[in-house]
Amino acid sequence: MRPKLLFSIILFLLAVLAAWYWFRVADSDEARIRRTIEQLAEALNKTPGESAAAGLIKVKVVSDSFADPADITIGEYVNGSFSHENLTGRAMQYRSLTEQAKVAVADIRIKLVAPDKAQCSFGGKFSGRTKSGLSHEEVNDLDATLVKKDNRWKIQEIRFQKVLH
């Protein structure tokens, strides 16, 4: 077989494999849900001296990560049903009171319960410092229910897992 033809066949097979990977793995509902959770965690991060423009972009990502309305039960910090407007205000308040924050997620487990609904649980870690100098670090497991709206996965409900002591 001629080298150019062999190279063309191999290149074609690699292209087919890449397309299959993109449509079946990288862009699967599970991958999209994982990205939603990871992008939310990234948007909740804040570095000292972060620009106002970067902060506004992150506030929009936070708001866009949730369905409207969304039920949020995060300990004593945030409890209730929130519209996008409420979430935007809360996210701006969080950023105005926070000097530095690092939010990380791990061990994301996803279960599709319907074509447009999923259950997700994951570990979350927060460490940060307020502008008044108070430091806080916390690790919790969280449960979330996500719904697919306009081909995007959004968090409809999120809460700390109940831990029996």
Side-chain angles (χ1 to χ4, degrees), residues 22 26-114 116-165:
W22 174 256
D27 205 37
S28 67
D29 282 329
E30 289 88 351
R32 288 180 178 189
I33 291 167
R34 188 175 310 281
R35 275 196 305 271
T36 298
I37 300 297
E38 290 170 346
Q39 287 172 346
L40 174 61
E42 181 63 32
L44 291 170
N45 289 337
K46 184 177 180 189
T47 57
E50 191 171 84
S51 73
L56 287 174
I57 291 169
K58 288 182 175 185
V59 165
K60 179 159 179 35
V61 170
V62 169
S63 180
D64 288 348
S65 297
F66 289 90
D68 191 3
D71 293 324
I72 304 173
T73 307
I74 308 291
E76 68 223 39
Y77 312 107
V78 182
N79 286 301
S81 184
F82 296 89
S83 68
H84 275 186
E85 293 80 19
N86 295 136
L87 280 170
T88 299
R90 286 289 184 113
M92 291 180 79
Q93 180 183 29
Y94 159 80
R95 297 191 68 74
S96 71
L97 297 173
T98 305
E99 175 68 26
Q100 178 272 327
K102 176 69 177 155
V103 177
V105 294
D107 194 25
I108 301 172
R109 297 169 307 282
I110 300 163
K111 179 180 177 186
L112 293 172
V113 294
D116 62 347
K117 190 171 187 176
Q119 299 291 326
C120 178
S121 49
F122 54 94
K125 180 179 179 182
F126 170 86
S127 59
R129 184 177 63 253
T130 65
K131 289 187 176 174
S132 64
L134 179 65
S135 292
H136 184 72
E137 188 168 311
E138 189 165 350
V139 177
N140 282 292
D141 289 329
L142 294 101
D143 290 321
T145 301
L146 292 92
V147 292
K148 194 174 191 180
K149 292 188 178 187
D150 300 325
N151 210 29
R152 290 197 58 216
W153 285 96
K154 296 185 178 258
I155 300 166
Q156 184 177 47
E157 180 182 7
I158 191 166
R159 65 198 165 287
F160 283 161
Q161 286 182 3
K162 289 183 172 38
V163 178
L164 299 175
H165 292 275

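Values reported hereafter were calculated over all heavy atoms of this structure, with side chains retained and with hydrogens, waters and symmetry mates removed. Treat the numbers as computed from the prediction; the structure is a model and nothing was measured.
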Problem - Donor-acceptor contact present, side-chain Thr98 to main-chain Ala101, <3.5 Å - result: no
Fill in the blank from the handout: Separation between CZ (Phe160) and CG (Leu142), nearest 0.5 Å, reads 5.5 Å
Practice task
Compare all side-chain heavy atoms of Lys154 with those of Lys148 and state whether any distance is below 4.5 angstrom.
Solution key: no
Exercise for the section: First locate atom CG of Asp116, then atom CG of Asn151, and finally report the distance between them rounded to the nearest 0.5 Å. Expected result: 11.5 Å
Practice task
Could you tell me which non-hydrogen atom of Thr36 sits nearest to which non-hydrogen atom of Ser65, and how far apart they are?
Solution key: CG2-O, 4.2 Å
Practice task
Return yes if a side-chain donor-acceptor contact under 3.5 Å exists between Gln156 and Thr145, otherwise no.
Solution key: no
Practice task
Please determine, by modelled atom types, if Asp71 and Ser81 share a side-chain donor-acceptor pair under 3.5 angstrom.
Solution key: yes
Handout entry: Rounded distance (nearest 0.5 Å) linking atom CZ of Arg90 with atom OG of Ser63
Key = 13.5 Å
Problem - Heavy-atom side-chain proximity of Ile72 to Ile155 below 4.5 angstrom - result: no
Handout entry: Validation row: Glu38, Val105 side chains within 4.5 angstrom (heavy atoms)
Key = yes
Exercise for the section: Grab the two heavy atoms, one from Ile74 and one from Asn79, that are nearest each other, plus how far apart they are. Expected result: N-OD1, 3.8 Å
Problem - Within-4.5 Å side-chain heavy-atom neighbours: Lys58 and Leu44 - result: no
Handout entry: More than 12 heavy atoms of other groups within 6.0 Å of Lys131 NZ
Key = yes
Handout entry: Ile33 vs Leu112 side-chain heavy atoms within contact, under 4.5 Å
Key = yes
Problem - Residues Arg32 and Glu30 bridged, charged N to O under 4.0 Å - result: no
Completion exercise
Shortest non-hydrogen pair, Lys102 vs Gln100, comes out as N-NE2, 3.8 Å
Exercise for the section: Output yes when Glu99 and Lys46 qualify as a salt bridge under the 4.0 Å nitrogen-oxygen rule, no when they do not. Expected result: no
Problem - Side chain proximity check, Thr73 to Ile158, heavy atoms < 4.5 angstrom - result: no
Practice task
Would you kindly say whether Ser121 and Arg109 are connected by a side-chain donor-acceptor distance under 3.5 Å?
Solution key: yes
Exercise for the section: Give, for atom CD1 of Ile110 and atom CD1 of Ile37, the distance between the pair rounded to the nearest 0.5 Å. Expected result: 7.5 Å
Problem - Non-hydrogen side-chain atoms of Asp150 and Arg152 separated by less than 4.5 Å - result: no
Problem - Residue pair Asp29 / Trp153, side-chain heavy-atom distance below 4.5 Å - result: yes
Practice task
Indicate the atoms forming the closest heavy-atom contact of Phe122 with Ala144, along with that distance.
Solution key: CE2-CB, 4.3 Å
Practice task
Can you measure from CG (Leu56) to OG (Ser51) and round to the nearest 0.5 angstrom?
Solution key: 8.5 Å
Handout entry: Reported CG-to-CZ distance for the pair Leu146 and Phe66, which is rounded to 0.5 angstrom
Key = 9.0 Å
